[in-house]
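Shown next, in structure tokens, is the structure this report addresses.
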Amino acid sequence: MQTTSDRIAWLGGKPGACTSSGPGEGVARRLVLLGAPGVGKGTQAELLGERLGACHLSTGDIFRAAKTMPESERSPALAAALDFMRRGELVPDATVLQVVRERVHCLRCPGGFLMDGFPRTVAQAEAFDEWLASQRLRLDAVVNYELPLENVVARISGRRVCSRCKAVYHLQTRPPKKPGVCDQCGGELYQREDDRPESVRVRMAAYEKSTAPLAGYYGARGLLVPVSAEGTPEEVFGRTLSSLEARR
Ligand code: AP5
């Protein structure tokens with residue numbers, strides 16, 4: 001995964017920095033990806049982004065990018081957000097909504113978007129609906145990735161991320177060619193702080209309590225597309241495309 005211009009616009013919150021070439025199949029797709037931590041949303045967002053020409057917009061990536069900012073440049077809300085994240089807790093809604101509000105231009109991207117990690121609570125989903133309506137946009141679908149808990153934990157514990165370009169690997173299922181080194185940019189691979197077992201337990205509990213109810217929220221609006229996340233990334237990708245195609 002390269003740091004493409006759409007990621008710079010989203011991560012840095014700079015309007016006008018996106019040079020998306022527009023929708024890959026002629027129609028802009030606007031999707032939300034739901035599912036437990038580690039289920040594979042980011043992996044699927046990369047594959048879907050390449051196929052659909054839509055921008056991958058991850059709130060977790062914004063917070064991780066903020067970690068590399070000099071401390072003096074972080075707002076108090078952003079500094080507090082990093083503490084919540086480190087512990088595996090959800091960042092408070094007011095902070096998340098502020099961060100997304102600063103990037104609302106990304107919702108208007110002509111290529112569409114793939115929302116990964118947002119919304120994560122019913123309050124965030126309601127605010128998101130209001131913004132979309134104010135921009136005269138609507139969601140095409142909300143893909144809900146489903147996987148048994150033990151598989152999710154195995155995916156999280158084997159994850160390694162490139163410190164430079166943020167490409168995601170897995171020690172068993174997607175290993176780099178050279179251990180500890182990114183295939184794409186040669187950067188050093190590391191384990192995310194919130195992938196340690198004590199934080200993973202907190203993340204799973206937060207997911208069950210606050211995020212899982214979004215399946216009901218979007219189901220009631222006719223937008224929910226359940227997809228099994230079992231199998232290889234390519235199998236899950238194929239399943240996602242056929243489930244989305246079946247809705248059109
Ligand atoms: P965020 O970055 O959104 O993390 P998450 O939802 O916990 O999701 P992950 O990034 O852990 O996993 P993923 O589903 O993308 O899986 P991946 O593709 O990497 O959020 C982090 C934190 O930020 C939150 O805990 C919270 O504190 C804060 N935050 C962010 N947004 C927020 C919000 N809206 N409100 C409040 N707080 C917020 O895959 C995982 C691993 O599995 C990888 O190693 C991958 O290679 C491997 N893998 C993927 N697919 C497969 C497959 N099919 N088979 C085998 N291995 C696979």
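Counting convention: from 1, in listed order, for ligands and their atoms alike. Counting from 1, the numbers follow the sequence of the chain as shown. Because the structure is predicted, anything quoted here is derived from the model rather than measured.
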Contacting atoms of ligand 1, where contact means under 4.0 angstrom from a heavy atom of Thr59: 30 (C), 31 (N), 32 (C), 34 (N)
Heteroatom proximity flag, Lys41 to ligand 1, N/O under 3.5 Å: yes
Pro119, Gly60, Gly38, Ala125: member with heavy atom nearest to atom 40 (C) of ligand 1: Gly38
Options Tyr145, Phe118, Tyr169, Phe63, ranked by nearest heavy atom to atom 44 (O) of ligand 1, top entry: Tyr169
Nearest-0.5 Å distance, CE of residue Met69 to CG of residue Leu78: 5.5 Å
Non-hydrogen side-chain atoms of Met115 and Val142 separated by less than 4.5 Å: no
Lys NZ or Arg CZ of Arg87 over Phe84 ring: under 6.0 Å, within 45°: yes
Within-shell test, Gly35 vs ligand 1, heavy atom, strictly < 4.0 Å: no
Proximity flag Pro233 to ligand 1, non-hydrogen atoms under 4.0 Å: yes
Protein contact of atom 5 (P) of ligand 1 - nearest heavy atom, named by residue and atom, plus distance: Arg120 NH2, 3.3 Å
Side chain, backbone, both or neither: the part of Val96 lying under 4.0 Å from ligand 1 by heavy atom: side chain
Distance from atom 37 (N) of ligand 1 to nearest protein heavy atom, with residue and atom: Val91 N, 3.0 Å
Gln172 to ligand 1, any heavy atom closer than 4.0 Å: no
Side chains of Leu244 and Leu31 in contact at under 4.5 Å (non-hydrogen atoms): yes
Min N/O separation Val168 to ligand 1 under 3.5 Å: no
Location of contacts on Thr43 toward ligand 1, heavy atoms closer than 4.0 Å: both
Minimal non-hydrogen separation, Gln44 against Pro233, with atom names: NE2-O, 3.1 Å
Test item: side-chain donor near acceptor, Tyr145 and Thr240, under 3.5 Å: yes
Close N or O approach (Gly40, ligand 1; < 3.5 Å): yes
Ligand 1 contact by Arg192, heavy-atom criterion under 4.0 angstrom: yes
Any side-chain heavy-atom pair of Asp116 and His56 under 4.5 Å: yes
Option nearest atom 52 (C) of ligand 1 (shortest heavy-atom distance, choices Arg155, Arg87, Arg64): Arg155
Polar contact flag for Phe84 and ligand 1 (N/O pairs, less than 3.5 Å): no
Those atoms of ligand 1 less than 4.0 Å from some heavy atom in Glu89: 26 (C), 27 (O)
Asp195-Tyr190 side chain donor-acceptor pair, cut-off 3.5 Å: no
Parallel, tilted or perpendicular: ring planes of Phe118 versus Trp131, cut at 30 and 60 degrees: parallel
Atoms of ligand 1 close to Asp194 [distance to a heavy atom under 4.0 angstrom, numbered from 1]: 21 (C)
Atom 55 (C) of ligand 1 - nearest protein heavy atom and its distance: Thr173 OG1, 3.5 Å
Presence of salt bridge, Glu193 and Lys67, under 4.0 angstrom: yes
Polar side-chain atom of Arg138 near backbone of Ala133 as donor-acceptor pair, under 3.5 Å: no
Shortest reach to atom 35 (N) of ligand 1 by a heavy atom, considering only Gln124, Met85, Arg160, Glu46: Gln124
Nearest-0.5 Å distance, CG of residue Asp83 to CD of residue Glu89: 9.5 Å
Contact check: Gly231 vs ligand 1, nitrogen or oxygen atoms, below 3.5 angstrom: yes
Backbone or side-chain N or O of Arg203 under 3.5 Å from ligand 1 N or O: yes
Nearest-neighbour protein heavy atom for atom 9 (P) of ligand 1, which is reported as residue plus atom name and distance: Arg159 NH1, 3.3 Å
Main-chain N/O of Tyr207 paired with Ser210 side-chain donor or acceptor, under 3.5 Å: no
Ligand 1 contact on Glu230 by region, counting heavy-atom pairs under 4.0 Å: neither
Heavy-atom side-chain proximity of Lys166 to Asp61 below 4.5 angstrom: no
Under 3.5 Å: N/O of Asp116 near N/O of ligand 1: no
Sidechain-backbone polar pair: Thr95 side chain, Val91 backbone, donor-acceptor under 3.5 Å: no
Those atoms of ligand 1 less than 4.0 Å from some heavy atom in Gly42: 13 (P), 15 (O), 18 (O)
